Colleague: 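Supplied in C-alpha cells, the structure appears directly below.
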Amino acid sequence: MKKEKQIIGHGTWLDKVAYELVEREKKLGRSLDLIRTESGLGASGIPHIGSMADAIRAYGVTLALRELGYRSETIAFCDDMDGLRKVPLGFPEELKEYLLMPVSSIPDPFGCHKSYSDHMSGMLRDALDRAGVEYVFKSGRETYRSGVMRDAIHKILLNAKVVGKIIKDVTGQEKYLNMLPYFAVCKNCGRIYTTQSYRYDPEKNIVHYRCTGVEIRGNWINGCGYEGVADISRDDGKLAWKTEFAARWSTLDIRFEAYGKDIADSVKVNDIICREILMFEPPFHVKYELFLDKSGRKISKSAGNVFTPQEWYKYGVPESLLLLFFKRVTGTRTISYEIIPKIMDELDFLEDVYFNKVKIDNVMEREKLRGLYLYAHLLKPPEKPSTHIPYSLIVELSQVAPEDKREEFVISRIQRYGYKIDDKSLVKIKLALNYARDFGKIAREPVPLNDAEIKALRELILEIKNASSPTDIQNMIFNTARKHGIPPPEFFKKLYQILLSRDYGPRLGPYIWDIGLDKVVKIIGETIESSLRSKSC
RNA sequence: GGGCCCGUAGCUCAGUCAGGUAGAGCGGUGGGCUCUUAACCCAUUGGUCGGGGGUUCAAAUCCCCCCGGGCCCGCCA
C-alpha cells in the first residue's frame, strides 16, 4: 500500500520542524494558543555569523508555525548576566579591570551604549533588524531582576543534590556535587565567577556565597574573600548554564530551541532537569553543526577568525544570509567570503523558480525551492522578478574597470550585454564592487618587453594621443603590431599585462578610451622605462 | 572516554534532513562572433557517488559495519 505524500507547509526543513513540533505538543496536551521559540543572544563578544544563524533559524520556525496556522513568536534572550572571561581581541586593555564581572555591569568601551553587553547584543540586533527578523527581546538581567524565574530557581536549588548528580552522570563534571549551580555577583568586588554558593535558604529564598576565587584557563584568580547573600528573585546572581536553560524554558514557556553541537551536553542536562525537577517538558530541539572557517576551525572570537553579519552585508543582501541559514540545518558549513557570490546567484535562481521562469518537474522539489525563496524573504516575496545579473560578472568587470570610474564602467558594460538595470541591480552592483575591491586579486608584476615591443609601444603612445574614437584606438593597436612584426594577439596580451596585470581583458579600444588617453600613455611610458632599467642592470 | 560532520567529474563543490533517469562552476575539446586578444554564445568531454552489506519496485539519499579526513564535548558560558 502506497501512502500519498502530502507537502507540509512549503516543503523545507523549517516546515517539517514546525509540523513535528506541533504534533509533539498535541501529544503532550499543551496549549497551542501561542508557541514560543527561543534563541540566545550572545553579549560577551562580537556577534559572529553563528549567533546570527541561531536567531534567524528560531524565527524561521516561528514563521513556519504561523504558516501552519498557529500563533508564534521568537524570544531573543540576551545573556547579559554572563561574566566577561577574556578581553576580546582588539578591545581596549582597560577592560581588564572588569574581568569576571557581568557584561551588563561593564561600561561600553566604545561609549555609544549603556553597557558592554548592550553594545555587543546591539550589533546582533542591528543585523537582525536589517534582515527584518522580528523578536521579543528579553534581557537576562531584567528577567532575573523581575523575579519571574524565582520558582524555577527555587526548585533547582532545593534539588541541588539531584541536579549535581544529573550533571555528573551526563557530563562527568563533579563540580556541582559540592556547590550550588548558582553564581552570585559579589556585592563587594562585583565579579560573578569568583563566588561559590554553598547554602540555599528556602524560607528566605536567598543563597549564601563566598568570594573565593576561580580557575580560568589554568590560572587561579583570587576572590576578594567577601561573604554575603543573594536574593534569587533579584539580579543578585544567575543560574549556572547547565541549569539556566531549564529555568528559562519552563518560566517563559519555550517550545523550540535550536543549538550548536558544542553545547549538546549542556542541552541534554537541561532537558533532564527541566523534565524531572521543573516538571516541564523541554522544548523541541534541532541540533546544528558549527560554522567552520576555510581551514576547518570553529569560528570563534578567541580564534580571531570572526565573521560578522555586518561583514556579510558589505557584499550580500540580507536575503542571501537568510537563505544560507534556511537552506539546510545539518552538515558542516565551511564559511568564507567565497560563498557570497554563489548564494547571491542562487537567490536569482530561486526567484526564477518562484516566478515559474524555470520549470522544475518534481513537485516536492519545486515546492521546496519556492519555499526557500519565500522564507529567504521572510514570507514577503517581491511582486515581480528583478533583473538577474550574475554576481561574478560584475566582479569580473569591476576588476578590469578603470579605477576612478568603476561603477559607470560596469553599468555601461552590463547594459551593453542587454541587462536592464533596476534599483535592485544597482544595489547588487554596489555589493559586488565591494567584493571585487576587497577580494579581487590585484598583483602588479613588472612586464618584460623586448626591443620590438618597446619600439612598437613608443610609437603607439604617440599615435594614441591623437585618437578620435575607440575604434580608432583599436585599429592603431592592430596596425602598430603588424608594422613592427609582432603578431597582434601577442601585442594585445602585452597591453593587457601592462594595463590590467592579466593576459586578457575587455576590448581594448573602448577600454582605453574609458580610462583616458593621458593615463594610458603615462602607464605605458612608465612600463617602458622600468623595462629599460631592468635591462641595464 | 562520549558525540557529530565530511568523502560525488581533472579541480572546487551542490544534491542527502520528505528515496524516483547523477548536477553546476571552473578546466579540456570542437565550433560561432571578432580586420582583433579577451569576454560572450553554441556544442561536447568527463563520475565503480570512499568500501561492503541490508531495506525497497526503486538508494548518492534510509539502516548497519568498515576505511580515510576533520570537528565538538570531557574548563566555562
Side-chain angles (χ1 to χ4, degrees), chain A residues 2-3 5-9 11-17 19-20 40 42-45 79 81-86 100 103 140 168 170-175 183 192-193 214-219 238-242 244-245 260-268 286-300 327-334 338-339 341-343 345-346 349 361-365 367-368 390 392-393 396-397 400 413 416-418 471 474-475 477-479 481-482 487-497 500 502-509 511:
Chain A
K2 213 188 233 175
K3 216 167 59 182
K5 286 244 166 95
Q6 276 227 309
I7 295 170
I8 301 165
T12 70
W13 69 266
L14 293 168
D15 301 286
K16 198 186 158 205
V17 164
Y19 175 79
E20 285 176 2
S44 40
D79 294 309
M81 277 295 277
D82 288 5
L84 183 69
R85 313 187 72 250
K86 197 186 168 201
L100 304 184
V103 282
K168 186 190 175 290
V170 176
T171 68
Q173 185 181 20
E174 299 185 351
K175 172 173 178 176
F183 288 99
I192 184 164
Y193 291 145
V214 69
E215 188 181 313
I216 301 264
R217 288 169 215 275
N219 296 318
K238 74 184 285 285
L239 286 168
W241 238 48
K242 294 252 162 34
E244 186 180 67
F245 270 138
K261 76 173 179 184
D262 52 339
I263 62 162
D265 280 351
S266 244
V267 171
K268 214 184 285 175
V286 168
K287 178 163 70 176
Y288 51 82
E289 281 292 310
L290 303 176
F291 287 94
L292 307 176
D293 68 9
K294 259 186 93 186
S295 58
R297 287 183 314 165
K298 170 184 169 184
I299 291 189
S300 76
K327 260 185 82 162
R328 58 174 191 176
V329 68
T330 55
T332 314
R333 260 262 176 239
T334 53
E338 287 154 41
I339 64 172
K342 275 189 196 169
I343 295 275
D345 286 343
E346 188 169 347
F349 168 73
D361 290 334
N362 185 323
V363 183
M364 290 272 196
E365 182 72 8
E367 285 312 301
K368 180 177 155 185
S392 60
L393 174 65
E396 191 75 21
L397 282 172
V400 296
R413 287 301 162 118
R416 204 182 301 170
Y417 293 156
T471 325
Q474 191 77 16
N475 289 333
I477 299 170
F478 190 73
N479 292 332
R482 280 207 293 218
E490 271 179 41
F491 196 52
F492 273 96
K493 196 165 154 187
K494 280 291 169 200
L495 284 168
Y496 285 117
Q497 286 172 347
L500 296 161
R502 49 207 285 183
D503 293 344
Y504 52 89
R507 202 176 162 83
L508 270 182
Y511 179 69

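In what follows, chains are A, B, ... by sequence order, proteins preceding strands, each numbered from 1. Being a predicted model, the structure only gives us computed values, none of them experimental.
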Colleague: What's the gap between B:C62 and B:G25 when it is taken at their C1' atoms, as a whole Å value?
Modeller: 30 Å

Colleague: NZ/A:Lys242 to CG/A:Asp265 distance, rounded to the nearest 0.5 angstrom?
Modeller: 7.5 Å

Colleague: Expressed in whole Å, how much space separates the P atoms belonging to B:G51 and B:C67?
Modeller: 15 Å

Colleague: Just the rounded figure in Å: distance from C1' of B:A24 to NZ of A:Lys342.
Modeller: 9 Å

Colleague: Under the side-chain hydrogen bond (donor to acceptor under 3.5 Å, both in side chains) test, which residues partner A:Lys261, sequence neighbours left out?
Modeller: A:Glu289

Colleague: Taking all non-hydrogen atoms of both residues, which atom of A:Ala264 and which atom of A:Lys287 are closest, and how far apart?
Modeller: CB-CD, 4.3 Å

Colleague: Taking the P atom of each, how far is B:C11 from B:G28, in whole Å?
Modeller: 15 Å

Colleague: Round to a whole Å and report the spacing from CD of A:Glu289 to P of B:C73.
Modeller: 12 Å

Colleague: Between B:A60 and B:U16, how far apart are the C1' atoms? Round to whole Å, please.
Modeller: 7 Å

Colleague: Rounding to the closest angstrom, what is the interatomic distance between B:C17 and B:C63 at atom C1'?
Modeller: 15 Å

Colleague: Dot-bracket for RNA chain B, 5' to 3', counting Watson-Crick or G-U wobble pairs under 3.5 Å, with [ ] for crossing pairs and | for inter-strand pairs?
Modeller: ((((((((.[[[[.)....(..]]]]((((((.......))))))....[[[[[..)....]]]]])))))))....

Colleague: For a quick check of understanding: with a heavy-atom distance under 4.0 Å over all strands, which category does A:Gly11 fall into, base, sugar-phosphate or nothing?
Modeller: base

Colleague: Less than 4.5 Å apart, side chain to side chain, heavy atoms only: is that true for A:Leu239 and A:Phe245?
Modeller: no

Colleague: Side chain of A:Phe478 only, heavy atoms from C-beta on: which candidate in B:A77, B:A14, B:U36 is closest?
Modeller: B:U36

Colleague: Quick one: list whatever passes side chain to side chain contact (heavy atoms under 4.5 Å, CB included) with A:Ile8, sequence neighbours left out.
Modeller: A:Asp15, A:Tyr19, A:Leu68

Colleague: Find the distance A:Ile339:CD1 to B:A24:C1' and express it as a whole number of Å.
Modeller: 16 Å

Colleague: Using the C1' atom as the reference point in each nucleotide, state the distance between B:G27 and B:G19 in Å, no decimals.
Modeller: 33 Å

Colleague: When you measure from the side chain of A:Ile8, which nucleotide among B:U37, B:C13, B:A18 comes out closest?
Modeller: B:A18

Colleague: Using atom NZ of A:Lys368 as one end and atom C1' of B:U61 as the other, report the distance to the nearest whole Å.
Modeller: 11 Å

Colleague: Out of B:A18, B:C75, B:U36, which nucleotide sits closest to the side chain of A:Met364?
Modeller: B:A18

Colleague: Heavy atoms from C-beta onward define the side chain here; which of B:A18, B:U16, B:A77 lies closest to that of A:Ile7?
Modeller: B:A18

Colleague: I want to check something: taking the side chain as every heavy atom from C-beta on, are A:Val214 and A:Leu100 in contact at a cut-off of under 4.5 Å?
Modeller: yes

Colleague: Rounding to a whole Å, what distance do you find between A:Tyr288:OH and B:U16:P?
Modeller: 21 Å

Colleague: Does A:Glu346 reach the side chain of A:Lys327, with side-chain heavy atoms less than 4.5 Å apart?
Modeller: yes

Colleague: Report the nucleotide, chosen from B:A14, B:C17, B:C73, that has the shortest atom-to-atom distance to any side-chain atom of A:Asp262.
Modeller: B:C73

Colleague: Would you say B:G15 has OP1 or OP2 under 4.0 Å from some side-chain N or O of A:Arg328?
Modeller: yes

Colleague: For nucleotides B:G68 and B:G50, find the distance between their P atoms and express it as a whole number of Å.
Modeller: 16 Å

Colleague: Which comes earlier along RNA chain B counting from the 5' end, the contact point of A:Lys242 or that of A:Asn475, where each point is its nearest nucleotide?
Modeller: A:Asn475

Colleague: Between the protein and nucleotides 1-3 of chain B, list every N/O to N/O distance that falls short of 3.5 Å.
Modeller:
unit_1 : atom_1 : unit_2   : atom_2 : d
B:G3   : N2     : A:Lys261 : NZ     : 3.4

Colleague: Atom NZ of A:Lys175 and atom P of B:C75: how far apart are they, to the nearest Å?
Modeller: 10 Å

Colleague: So which atom in A:Ala43 and which in A:Asp79 form the shortest heavy-atom distance, rounded to 0.1 Å?
Modeller: CB-O, 3.9 Å

Colleague: Under 4.0 Å, counting only non-hydrogen atoms across every strand here, what does A:Glu244 touch: a base, just sugar-phosphate, or nothing?
Modeller: nothing

Colleague: For A:Trp13, give me all partners under ring pair (Phe, Tyr, Trp, His ring centres under 6.0 Å), at least two apart in sequence or on another chain.
Modeller: none

Colleague: Counting C-beta onward and ignoring hydrogens, is there a side-chain heavy-atom pair between A:Lys238 and A:Asp82 closer than 4.5 Å?
Modeller: yes

Colleague: Relative to the 5' end of RNA chain B, which residue comes earlier, A:Gln474 or A:Phe183, by the nucleotide with the nearest heavy atom?
Modeller: A:Gln474

Colleague: Contact class for A:Ile477 (heavy atom, under 4.0 Å): base, sugar-phosphate, or nothing?
Modeller: nothing

Colleague: Could you check how far CG of A:Leu14 sits from P of B:A18, rounded to whole Å?
Modeller: 12 Å

Colleague: So what does A:Tyr19 touch, heavy atoms closer than 4.0 Å: a base, only the sugar-phosphate, or nothing?
Modeller: nothing

Colleague: Roughly how far apart, to the nearest Å, are B:A9 and B:G23 at atom C1'?
Modeller: 10 Å

Colleague: Measure from the side chain of A:Tyr193, starting at C-beta and using heavy atoms only, and say which of B:A18, B:A77, B:U36 lies closest.
Modeller: B:A77

Colleague: Quickly work out the A:Asp345 CG to B:C26 C1' distance and round it to whole Å.
Modeller: 14 Å

Colleague: State which residues pass side-chain hydrogen bond (donor to acceptor under 3.5 Å, both in side chains) with A:Gln474; sequence neighbours excluded, sorted by chain then number.
Modeller: none

Colleague: Would you confirm whether A:Tyr193, through its side chain, and A:Gly83, through its main-chain N or O, come within 3.5 Å as a donor-acceptor pair?
Modeller: yes

